[in-house]
There are 2 protein chains.
Amino acid sequence: MKEKLKEHIEKTISISDDEFTFIVSHFTFENYKKNDFLIQEGEHVNHCYYVISGLLKLIFNDKNGKQHIVSFAMEDWWESDFSAYFKQTKSNMSLQCIEDTCVYSISFKNYQKLSTELPKMERFFLLKSHSGHIASQQRILSFLNSNAKERYEQLLNQYPSLLQRVPKTLLASYLGVSRETLSRFSS
Amino acid sequence: MKEKLKEHIEKTISISDDEFTFIVSHFTFENYKKNDFLIQEGEHVNHCYYVISGLLKLIFNDKNGKQHIVSFAMEDWWESDFSAYFKQTKSNMSLQCIEDTCVYSISFKNYQKLSTELPKMERFFLLKSHSGHIASQQRILSFLNSNAKERYEQLLNQYPSLLQRVPKTLLASYLGVSRETLSRFSS
DNA sequence: TTAAAATTGTGATGTTTGTCACGCTCAATC
DNA sequence: GATTGAGCGTGACAAACATCACAATTTTAA
């Protein structure tokens, strides 16, 4: 498990074994079951998660009781309600397991401590934040220049495994389309 | 002009006058006319911009010749094709003036130099990146849980001045809706 | 100043997508 | 092994939105 985190970090920055030991001491390894919540809407968000295995959904419940999927988090992804995490406020989204999931979790306090004591890691988090920002902008672009069917095809193209791992209702909710409309794309 | 940049940075981190002098030496002040391009699609992206005054649009041209507005950049905003800037590749978007615009521009080399020599600024850029990521996620959410009319009202609510400063064709292109449909919302 | 271009509104019509309703299948639970 | 509920497809209809066409007005540039 530790190896996965180490390899992940080393894709971006070089670290010694000692440094990694120091880094990993700021994290907690956690195990969640399908349907467990890592973040509950309305509660204080104190942790950010790196997914080792399994699958999470970041969901927003609107005033009409509809559930929207802001993001899926697969192996090798970082996820949290980043707005609430960085501003240290209550969440307006939930983070829930689609499958049994293992994560490395870091508290906000430890995130700050680690960033300060090991500037390399601040650079690492900066680069991760860039990636997140760029990925979000790509998703905005897909809403602007593609219709629902095209977005569906792009999603399957980018993450073919999702089709096997996720009920289509959730894919529809991620794409911003109704379950029925998405169902008709397959036929 | 320098004061605006200083005040902007001081909203996030504390800096001395000497530090600011050092910081500003990494930037170039530039003046653009309406319709000028700061970034041209297909060209290498070497600069990131802080808008002092004026208004920019970040646009993506799709294969059907349609223009989509990924982002407006108003006073006090940072803008670039961040994907191309950070990866130092060619742009697939353009950044163009809607109004005459003054910016502080920083090259990628100077961005790296400044981040390294003044770690405070790396933290500053990190916090700016978080804001950008969070803002993009909010925009994704608006596509998921609001229809075109609601998105229009939210935009006018958030940036009332846009209605005076920007032709409605551009607002439509930002919202992902046709000009005609947007026009009918007003009546 | 005057001609050309950009901006906006609006009608007619077609396409895309949402909503409601129903039935079938499959997996989980007792 | 019977029951319950999730997942999925599909028909019928309604709502949202796009597209094409045209006219009126304003802005821009020669």
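Note that these values count all heavy atoms, side chains included, but never hydrogens, waters or copies made by symmetry. Below, chain A is the first sequence line, B the second, and so on; all start at residue 1.
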Spacing between [X] atom [atom1] and [N] atom [atom2], to the nearest angstrom:
X	N	atom1	atom2	value
A:Glu180	C:dG23	CD	P	16 Å
A:Leu175	C:dT16	CG	C1'	15 Å
A:Arg179	D:dG11	CZ	P	14 Å
A:Phe143	D:dA18	CZ	P	15 Å
B:Glu150	D:dA15	CD	C1'	14 Å

Where does the angle between the aromatic ring planes of B:Phe22 and B:His26 fall among parallel (under 30°), tilted (30 to 60°) and perpendicular (over 60°)?
perpendicular
Verify the contact: side-chain N or O of [X] to OP1 or OP2 of [N], cut-off strictly under 4.0 Å; return yes or no.
X	N	value
B:Ser183	C:dG9	yes
B:Lys66	D:dA18	no
B:Ser178	D:dT19	no
B:Lys168	C:dG9	yes

Distance only, no hydrogens: is a donor on one side chain within 3.5 Å (strictly under) of an acceptor on the other, for B:His8 and B:Trp78?
yes
Exceeds 12 heavy-atom contacts within 6.0 angstrom, atom NZ of A:Lys109
no
Quick one: on DNA chain D, does A:Leu170 or B:Ala148 contact a more 5' nucleotide (nearest heavy atom)?
A:Leu170
With rounding to the nearest 0.5 Å, note down the distance linking CG in A:Asp36 to CG in A:Leu95.
11.0 Å
With a 4.0 Å cut-off on heavy atoms, is A:Thr169 in touch with a base, just the backbone sugar-phosphate, or nothing at all?
sugar-phosphate
Quick one: on DNA chain C, does A:Asn147 or B:Leu163 contact a more 5' nucleotide (nearest heavy atom)?
B:Leu163
